[in-house]
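A short write-up of the structure that comes next.
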There are 2 protein chains.
Amino acid sequence: MLPELKIQPLRCVLAIVDAGGFHAAARQLHRTQPAVSMAVRELEQRLGEPLFEKGGKSVLTPFGAYCLPRFRELITQHDRLSRELVAQVQQQVGHVDMAAVPSVASRVMPRLLNDFIQRHPALRVSLQDGNADFVRQLVAGGEVELGLTSLWQKDDDLDFTPLMRDAVGVVCRDDHPLAGQEALGWEALQGQVLIRNGTSRLLEGSDAEPLLAESAFDISNMISLTAMLVSGIGITTLPRLAFPEEYERLRFIPLVDPRVERELGLLRPGRRSLSPAAQAMEAFIIEAFGETG
Amino acid sequence: MLPELKIQPLRCVLAIVDAGGFHAAARQLHRTQPAVSMAVRELEQRLGEPLFEKGGKSVLTPFGAYCLPRFRELITQHDRLSRELVAQVQQQVGHVDMAAVPSVASRVMPRLLNDFIQRHPALRVSLQDGNADFVRQLVAGGEVELGLTSLWQKDDDLDFTPLMRDAVGVVCRDDHPLAGQEALGWEALQGQVLIRNGTSRLLEGSDAEPLLAESAFDISNMISLTAMLVSGIGITTLPRLAFPEEYERLRFIPLVDPRVERELGLLRPGRRSLSPAAQAMEAFIIEAFGETG
DNA sequence: ATACAGTGATCAGACTTTCTTACCGGCCAT
DNA sequence: ATGGCCGGTAAGAAAGTCTGATCACTGTAT
């Protein structure tokens with residue numbers, strides 16, 4: 001029904017007009033003159049109306065003059081889109097939505113993102129944080145493209161790339177009897193007021209599991225947890241990265257018997273692929289941790 | 001440098017998404033499934049990034065999802081332009097600029113234009129009037145596409161199609177001695193107060209030329225001329241079409257010895273071609289006068 | 001006046017792109 | 001297992017596009 005306007009012939013018309021002739025246009029388009037001539041003729045036939053006057057010189061018909069600005073507009077839009085897509089693919093511009101668990105978001109991401117935007121100044125990043133399960137949901141649901149988290153359960157639809165191990169330790173106030181220790185075994189904690197938190201299930205399956213049964217509270221919110229620790233009500237276990245260093249009165253003592261670690265890594269959709277910008281981010285993160293860890 | 005996005009492959013992507021598969025899209029596009037498949041692959045290679053996930057089902061990649069609305073937009077604009085140009089060519093819409101000498105503009109054009117817009121309801125017409133020379137200039141300069149006028153001088157760059165002949169007669173007030181005549185010869189005018197006007201040079205070269213030497217005034221403005229005639233100051237000669245019938249006191253008496261006629265016709269650029277809308281107008285006018293005269 | 005340098009148009013052949021037909025391998029439900 | 005559906009692949013036909021050589025025309029300079 002409607003004729004398809006290809007971009008090349010339109011470009012020919014444009015070139016003929018502003019180069020002032022078929023030969024000049026051909027030179028400008030790196031084509032031969034017959035190619036230009038035939039492209040125009042083909043276009044004219046498709047439209048059913050000549051664009052250039054027949055007699056000698058390259059003068060537009062009234063219909064051609066009518067078409068010219070419209071051709072120019074379509075070409076402009078085509079080129080804009082083409083450029084935009086290429087830029088996306090080449091990771092020169094774009095947007096990455098990602099998520100991370102709070103400890104990573106606050107302790108790892110600032111440097112990481114800073115370095116990232118140094119290398120990719122035109123890429124934009126959105127980062128949200130949440131607990132490991134929330135991050136997993138976001139990635140699985142496609143709401144973010146990448147997650148930085150620890151993996152609790154295997155999921156066939158998700159790819160997990162381990163990046164770093166994060167050892168669990170005991171956190172207490174500086175005046176606590178255990179505060180001076182260099183390292184601790186789990187037996188030393190028996191009888192203490194232990195506060196459970198969101199990371200406590202790391203101990204499940206380890207030798208320290210019996211401690212969980214003793215815990216008096218279960219506080220998931222980090223602010224509340226630190227408040228309780230600072231007030232000296234009890235102690236807790238946390239991975240080192242999750243230990244809030246900015247609280248002067250809190251101490252972190254590595255747990256060495258048993259050693260318990262969580263594995264932090266990059267979570268991405270397994271079946272779906274990533275946007276070019278997210279690919280850049282993925283490569284950057286893996287490279288960054290490949291160097292340091 | 002930048003890849004050329006052809007419309008067809010983009011349409012394929014669109015069809016695949018909203019038909020929900022390659023086969024369905026192929027049916028919708030009246031192509032075979034491999035054609036669709038290959039078109040997409042070609043496009044992906046050109047962009048350097050897959051649009052659809054590789055695993056089985058037709059699911060867009062994030063990049064594909066990013067592209068989709070942009071493809072849709074480009075296609076929409078392409079189709080809009082294509083439709084618009086076809087409508088122009090088929091004379092369904094458009095605009096004609098034309099000019100006519102006042103007598104034609106006021107006595108012929110009203111009916112003509114009315115009939116024209118009946119047949120071409122979506123075509124717009126601009127009409128301006130002016131004397132024959134002005135009309136010729138407008139057509140020659142390309143400011144209007146068509147002129148309705150009489151041709152004074154041959155011009156190689158202009159085509160003139162005769163449409164009607166317009167006989168010159170004598171115009172006088174109803175109480176003038178000549179007013180009762182059915183027809184007149186030029187000798188009957190000798191000794192009368194003759195007012196020249198813009199059409200008087202029609203008499204040049206005819207037997208009645210001696211009259212011009214006797215003329216007392218030369219009034220080019222029609223309003224002034226009729227005022228003088230109505231006041232009974234003198235008489236003049238006019239082609240019948242230029243005779244202002246709305247003045248009850250004026251009479252038109254055909255000049256039969258010699259018969260002097262002007263030839264009114266359609267003036268159009270000879271070298272340049274016409275816009276589709278103007279072509280419709282030209283054909284319409286020639287057809288209309290072919291019937292009646 | 002003649003020759004010439006410029007224009008765009010034309011044609012045959014090579015090349016590229018695009019389509020169709022026929023077939024393959026994977027997946028899912030019966 | 002098997003039939004039906006999916007999309008991908010291969011080979012050949014068809015259509016489109018480019019080049020190089022050549023033509024016809026025009027205006028200009030000799």
Side-chain angles (χ1 to χ4, degrees), chain A residues 2-61 63-64 75 82 156-157 270-273, chain B residues 2-61 64 75 78 82 156-157 270-273:
Chain A
L2 24 158
E4 169 167 347
L5 308 172
K6 299 186 199 140
I7 299 299
Q8 281 276 23
L10 303 193
R11 244 189 258 281
C12 283
V13 174
L14 230 53
I16 292 169
V17 170
D18 69 50
F22 284 58
H23 281 89
R27 234 170 290 126
Q28 177 179 318
L29 296 167
H30 307 104
R31 293 279 133 74
T32 57
Q33 171 264 320
V36 175
S37 198
M38 289 163 75
V40 170
R41 192 155 48 83
E42 210 278 337
L43 178 59
E44 287 176 339
Q45 281 172 358
R46 198 171 292 217
L47 291 174
E49 186 79 17
L51 295 167
F52 291 92
E53 296 292 353
K54 297 299 161 193
K57 300 299 180 299
S58 343
V59 180
L60 285 168
T61 60
F63 179 66
I75 290 175
S82 182
D156 282 346
D157 287 347
R271 306 233 191 279
R272 258 172 305 130
S273 47
Chain B
L2 29 157
E4 167 166 348
L5 308 172
K6 298 186 198 142
I7 299 299
Q8 281 277 22
L10 303 192
R11 242 189 259 280
C12 283
V13 174
L14 228 53
I16 292 168
V17 171
D18 68 49
F22 283 58
H23 280 89
R27 235 169 289 125
Q28 176 179 320
L29 296 167
H30 307 105
R31 295 276 136 75
T32 58
Q33 171 264 320
V36 175
S37 197
M38 290 163 74
V40 170
R41 191 158 46 82
E42 211 278 337
L43 178 59
E44 288 176 338
Q45 281 172 359
R46 198 172 291 215
L47 291 175
E49 185 79 15
L51 295 166
F52 290 92
E53 296 292 354
K54 297 300 163 194
K57 301 300 179 298
S58 340
V59 180
L60 285 168
T61 60
I75 290 174
H78 166 275
S82 183
D156 282 346
D157 288 346
R271 304 232 192 281
R272 258 172 304 131
S273 47

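First the proteins, then the strands, lettered A, B, ... as listed; each starts at 1.
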Item to complete: May I have all residue pairs that pass salt bridge (Lys or Arg N to Asp or Glu O under 4.0 Å) and include part of residues 19-29 of chain A, sequence neighbours excluded?
Response: none

What N/O pairs connect the protein and nucleotides 9-12 of chain C at under 3.5 Å? Give each pair on its own line.
| residue | atom | partner | partner atom | Å |
| --- | --- | --- | --- | --- |
| C:dA9 | OP2 | A:S37 | OG | 2.5 |
| C:dA9 | N7 | A:Q33 | NE2 | 3.0 |
| C:dA9 | N6 | A:Q33 | OE1 | 3.1 |

Worksheet item: Would you say D:dG16 has OP1 or OP2 under 4.0 Å from some side-chain N or O of A:K6?
Response: no

Please tabulate, for the side chains in residues 10-25 of chain B, all donor-acceptor contacts under 3.5 angstrom to protein atoms that are two or more places apart in sequence or on a different chain.
| residue | atom | partner | partner atom | Å |
| --- | --- | --- | --- | --- |
| B:R11 | NH1 | B:D79 | OD2 | 3.1 |
| B:R11 | NH2 | B:D79 | OD1 | 3.1 |

Response to the item:
Atom CD of A:E42 and atom C1' of C:dT16 are separated, to the nearest Å, by 16 Å

Item to complete: Measure from CG on A:L10 to P on D:dT17 and round the result to the nearest Å.
Response: 12 Å

Discussion item. Check whether B:E44 reaches the backbone of B:F52 with its side chain - one donor and one acceptor, N or O, closer than 3.5 Å.
Written reply: yes

Item to complete: Write down the atom of A:F63, the atom of A:E49, and the distance for their closest heavy-atom approach.
Response: CD2-CG, 3.4 Å

Kindly give the atom pairs (protein nitrogen or oxygen, nucleotide nitrogen or oxygen) under 3.5 Å for nucleotides 26-29 of chain D.
none

Item to complete: Please list residues of residues 24-31 of chain A whose heavy atoms come under 4.0 Å from any atom in DNA chain C, ordered by number; otherwise none.
Response: none

Worksheet item: OG/B:S273 to CG/A:L51 distance, rounded to the nearest 0.5 angstrom?
Response: 9.5 Å

Response to the item:
Here the distance between atom P of D:dG16 and atom CD of B:E4, to the nearest Å, is 16 Å

Worksheet item: Does OP1 or OP2 of C:dG8 have a side-chain N or O of A:S58 closer than 4.0 Å?
Response: yes

Practice prompt. Rounded off to whole Å, could you give me the CD-to-P distance for the B:Q45 and D:dG8 pair?
Written response: 12 Å

Practice prompt. Rounded to the nearest angstrom, tell me the gap between atom CZ in A:R11 and atom P in D:dT17.
Written response: 15 Å

Worksheet item: Got a donor-acceptor contact below 3.5 angstrom from the B:S82 side chain to the A:E4 backbone?
Response: no

Worksheet entry | Steps toward side-chain contact (heavy atoms from CB on, under 4.5 Å) verdict (B:K6, B:E42) | CA-CA 11 Å; B:K6 298 186 198 142; B:E42 211 278 337; 5.7 Å; no

Worksheet, complete the sentence: With five pairs defining each end axis, the helix from C:dA1-D:dT30 to C:dT30-D:dA1 comes out bent, to 10°, by 10°

Item to complete: Could you tell me whether the side chain of B:T61 and the main chain of B:P50 form a donor-acceptor pair under 3.5 Å?
Response: yes

Discussion item. Which heavy atom of A:R46 sits nearest to which heavy atom of A:P3, and what is that distance?
Written reply: CG-CB, 3.4 Å

